[in-house]
Amino acid sequence: MTAASPSPAADPRLVRVELGNRAYDIAIGPGLLAGIGARIAALRPGARVAIVTDRNVAQHHLGTVEASLAAAGITSSAIVIEPGESAKSYAGLQQVTEGLIAARIERRDLVLALGGGVVGDLAGFAASVVRRGLDFVQAPTSLLAQVDSSVGGKTGINSPQGKNLIGAFHQPVLVVADTGALDTLPARELRAGYAEVAKYGLLGDAKLFDWLEGAWREIVTGSAERVAAVAASCTAKAAIVARDETETGDRALLNLGHTFGHALEAGAGYSQRLLHGEGVSIGMCLAFAYSARLGLCSGQDVVRAQRHLEAVGLPTRISDVPGELPDTDGLMTLIAQDKKVSRGQLTFILTRGIGEAFVAKDVDAASVRAFLEEMRAA
Ligand SMILES: NC(=O)c1ccc[n+]([C@@H]2O[C@H](COP(=O)([O-])OP(=O)(O)OC[C@H]3O[C@@H](n4cnc5c(N)ncnc54)[C@H](O)[C@@H]3O)[C@@H](O)[C@H]2O)c1
Ligand SMILES: O=C(O)C(=O)C[C@@H](O)[C@H](O)[C@H](O)COP(=O)(O)O
Ligand SMILES: [Zn+2]
């Protein structure tokens with residue numbers, strides 16, 4: 001990875017998501033939002049653009065995007081939602097869908113999701129249903145969105161009964177990841193996004209994980225390593241999505257840490273108490289520890305994964321979540337709603353070590369319950 005680290009250059013890195021006639025590019029590099037208008041004009045001449053963003057992102061980046069669209073001769077309008085996970089709700093969906101309809105966005109126009117994973121998931125889902133399907137562009141502005149949520153077409157909102165339970169697969173037609181936009185992202189959000197970067201190493205690429213152990217500071221503080229980490233993450237995700245777009249098999253590997261993490265997020269009320277990436281960090285540590293419990297993975301790898309995430313400043317234990325959580329049965333009820341459940345049986349992403357995750361079906365719920373009960377006290 002060290003040799004592959006690029007220096008920030010005017011030319012963006014390009015990663016292609018190979019999905020036949022729905023293939024698209026991910027452009028990665030600093031300063032790309034200033035040129036997004038020209039890219040969209042070239043992709044879809046004559047289209048109008050409805051920008052969906054949140055109040056925080058609007059404050060820092062909406063002006064740049066509006067100016068770029070105007071300079072390219074594109075008419076745009078903006079729908080600004082409240083920041084935070086609670087916007088991925090029925091009410092948030094109503095605000096965006098009604099906003100798109102009121103703006104008379106037509107089928108040949110475009111929705112532009114400018115923001116983190118919340119904006120991307122919500123705007124993408126709204127695009128998938130308004131007028132039975134509008135195309136959309138992802139302009140991810142958080143680290144998490146640049147390395148994960150803007151790619152692969154999972155869109156949706158949360159239910160009180162579980163995370164992302166209402167949604168659709170709807171691929172973007174273009175992703176523009178301006179790594180310079182991350183300079184305005186709060187440090188806690190950067191760290192949370194980093195959990196999904198570490199995920200790619202932990203699930204399938206031990207060499208990437210080795211590199212991350214040395215390079216994480218530069219990735220978090222922002223330098224050439226950051227562009228390299230975004231590109232490596234998108235390359236890893238694009239390959240998995242291309243071979244299993246709708247998660248009938250391998251794509252579930254991207255869910256490492258998420259069965260536990262999503263239950264904790266829902267248990268914390270989708271609030272600032274636990275960000276998605278933080279839940280994933282705790283969930284990945286639990287998935288490694290549970291794998292070791294089953295004799296699948298060495299204790300050394302459990303410690304190595306946990307130490308790395310702790311070094312970055314991420315939570316790694318259930319007890320790191322501030323405030324009350326549901327009891328163990330309550331968490332098991334949330335886990336039972338996981339989308340990977342099949343014929344009532346739990347599916348977990350377990351591991352044989354760093355970079356060796358696999359999909360485990362028919363996991364014994366009683367053993368997970370006993371493990372969780374113990375981990376709550378750890
Ligand atoms: N669809 C997928 O494949 C996928 C993958 C991973 C995560 N997700 C979802 O993504 C969501 C989490 O995304 P997130 O971590 O980006 O959270 P987020 O969208 O809430 O953004 C994090 C915070 O940072 C702010 N922000 C974003 N970009 C900023 C910038 N450049 N400058 C200043 N502030 C900025 C936002 O306003 C928000 O307050 C969760 O809902 C998760 O379920 C989806
Ligand atoms: O793209 C995927 O596939 C993922 O699982 C990526 C995850 O990081 C992401 O959080 C995703 O939204 C989780 O999907 P879900 O199907 O478990 O809701
Ligand atoms: Zn995730």
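Starting from 1, each residue takes its place in the sequence as its number. Start at 1 and go down the list; that is how both ligands and their atoms are numbered.
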* Asked: If you measure only the distance, is there a donor-acceptor pair under 3.5 Å linking the side chains of T316 and E310?
  -> yes
* Ignoring hydrogens and angles, state whether a donor on the side chain of E265 or H276 is under 3.5 Å from an acceptor on the partner side chain. => yes
Enumerate the pairs of nitrogen or oxygen atoms, one from ligand 2 and one from the protein, separated by less than 3.5 angstrom; state names and distance to 0.1 Å.
| residue | atom | partner | partner atom | Å |
| --- | --- | --- | --- | --- |
| ligand 2 | 1 (O) | K237 | NZ | 2.7 |
| ligand 2 | 1 (O) | R251 | NH2 | 2.8 |
| ligand 2 | 3 (O) | K154 | NZ | 2.9 |
| ligand 2 | 3 (O) | R251 | NE | 2.7 |
| ligand 2 | 3 (O) | R251 | NH2 | 3.4 |
| ligand 2 | 5 (O) | K154 | NZ | 3.3 |
| ligand 2 | 5 (O) | N255 | ND2 | 2.9 |
| ligand 2 | 8 (O) | D148 | OD2 | 2.6 |
| ligand 2 | 8 (O) | E196 | OE1 | 3.3 |
| ligand 2 | 8 (O) | E196 | OE2 | 3.2 |
| ligand 2 | 8 (O) | K199 | NZ | 3.0 |
| ligand 2 | 8 (O) | H258 | NE2 | 2.9 |
| ligand 2 | 10 (O) | H258 | NE2 | 3.1 |
| ligand 2 | 10 (O) | H276 | NE2 | 3.0 |
| ligand 2 | 12 (O) | N164 | ND2 | 3.3 |
| ligand 2 | 14 (O) | K154 | NZ | 3.1 |
| ligand 2 | 16 (O) | K154 | NZ | 2.8 |
| ligand 2 | 17 (O) | N255 | OD1 | 3.3 |
| ligand 2 | 17 (O) | N255 | ND2 | 3.0 |
| ligand 2 | 18 (O) | N164 | ND2 | 2.8 |
| ligand 2 | 18 (O) | K339 | NZ | 2.8 |

* Flag the pair D205 and K207 as a salt bridge only when some basic side-chain nitrogen lies within less than 4.0 angstrom of an acidic carboxylate oxygen. =>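 No.
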Counting the benzene-type ring for Trp, do [X] and [Y] have ring centres under 6.0 Å apart?
X: Y194; Y: H308; result: yes
X: H170; Y: F136; result: yes
X: Y200; Y: F209; result: no

Under 3.5 Å, is there a donor-acceptor pair between the side chain of [X] and the main chain of [Y]?
X: D121; Y: V118; answer: no
X: R293; Y: F371; answer: no
X: R376; Y: S319; answer: no

* Mind checking what makes side-chain hydrogen bond (donor to acceptor under 3.5 Å, both in side chains) contact with R44, not counting sequence neighbours? ->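 side-chain hydrogen bond (donor to acceptor under 3.5 Å, both in side chains) check on R44 returns D135.
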* Asked: Out of S142, S233, C234, P140, which one pairs with V147 under the side-chain contact (heavy atoms from CB on, under 4.5 Å) rule?
  -> S233
* Identify which protein N/O/S atoms are less than 2.8 Å from the Zn ion (ligand 3). =>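 Metal shell, protein only: E196 OE2, H258 NE2, H276 NE2.
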* Residues, nucleotides or ligands: over 12 heavy atoms within 6.0 Å of R108 CZ ->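 Counting neighbours around CZ of R108, 12 or fewer heavy atoms of other residues, nucleotides or ligands fall under 6.0 Å, so no.
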* Give a yes/no verdict on a cation-pi contact between R352 and F358, requiring under 6.0 Å between NZ or CZ and the six-membered ring centre and an angle within 45° of the axis. =>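 So R352 does make the cation-pi contact.
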Show the short N or O contacts, below 3.5 Å, that ligand 1 makes with protein N or O atoms; if there are none, say 'none'.
| residue | atom | partner | partner atom | Å |
| --- | --- | --- | --- | --- |
| ligand 1 | 1 (N) | D121 | OD1 | 2.9 |
| ligand 1 | 1 (N) | K154 | O | 2.8 |
| ligand 1 | 3 (O) | K237 | NZ | 3.2 |
| ligand 1 | 13 (O) | G117 | N | 3.1 |
| ligand 1 | 16 (O) | G117 | N | 2.8 |
| ligand 1 | 16 (O) | S142 | OG | 2.5 |
| ligand 1 | 19 (O) | G117 | N | 3.1 |
| ligand 1 | 19 (O) | V118 | N | 3.0 |
| ligand 1 | 28 (N) | T141 | O | 3.3 |
| ligand 1 | 28 (N) | T141 | OG1 | 2.8 |
| ligand 1 | 31 (N) | H61 | NE2 | 3.4 |
| ligand 1 | 31 (N) | T141 | O | 3.0 |
| ligand 1 | 31 (N) | A181 | O | 2.9 |
| ligand 1 | 31 (N) | T184 | OG1 | 3.3 |
| ligand 1 | 32 (N) | T184 | O | 3.3 |
| ligand 1 | 32 (N) | T184 | OG1 | 2.7 |
| ligand 1 | 37 (O) | D54 | OD1 | 3.1 |
| ligand 1 | 37 (O) | D54 | OD2 | 2.6 |
| ligand 1 | 37 (O) | N56 | ND2 | 3.0 |
| ligand 1 | 39 (O) | N56 | ND2 | 3.1 |
| ligand 1 | 41 (O) | E85 | OE1 | 2.7 |
| ligand 1 | 41 (O) | E85 | OE2 | 2.9 |
| ligand 1 | 41 (O) | K88 | NZ | 2.9 |
| ligand 1 | 41 (O) | K163 | NZ | 3.2 |
| ligand 1 | 43 (O) | K88 | NZ | 3.2 |
| ligand 1 | 43 (O) | K163 | NZ | 2.8 |

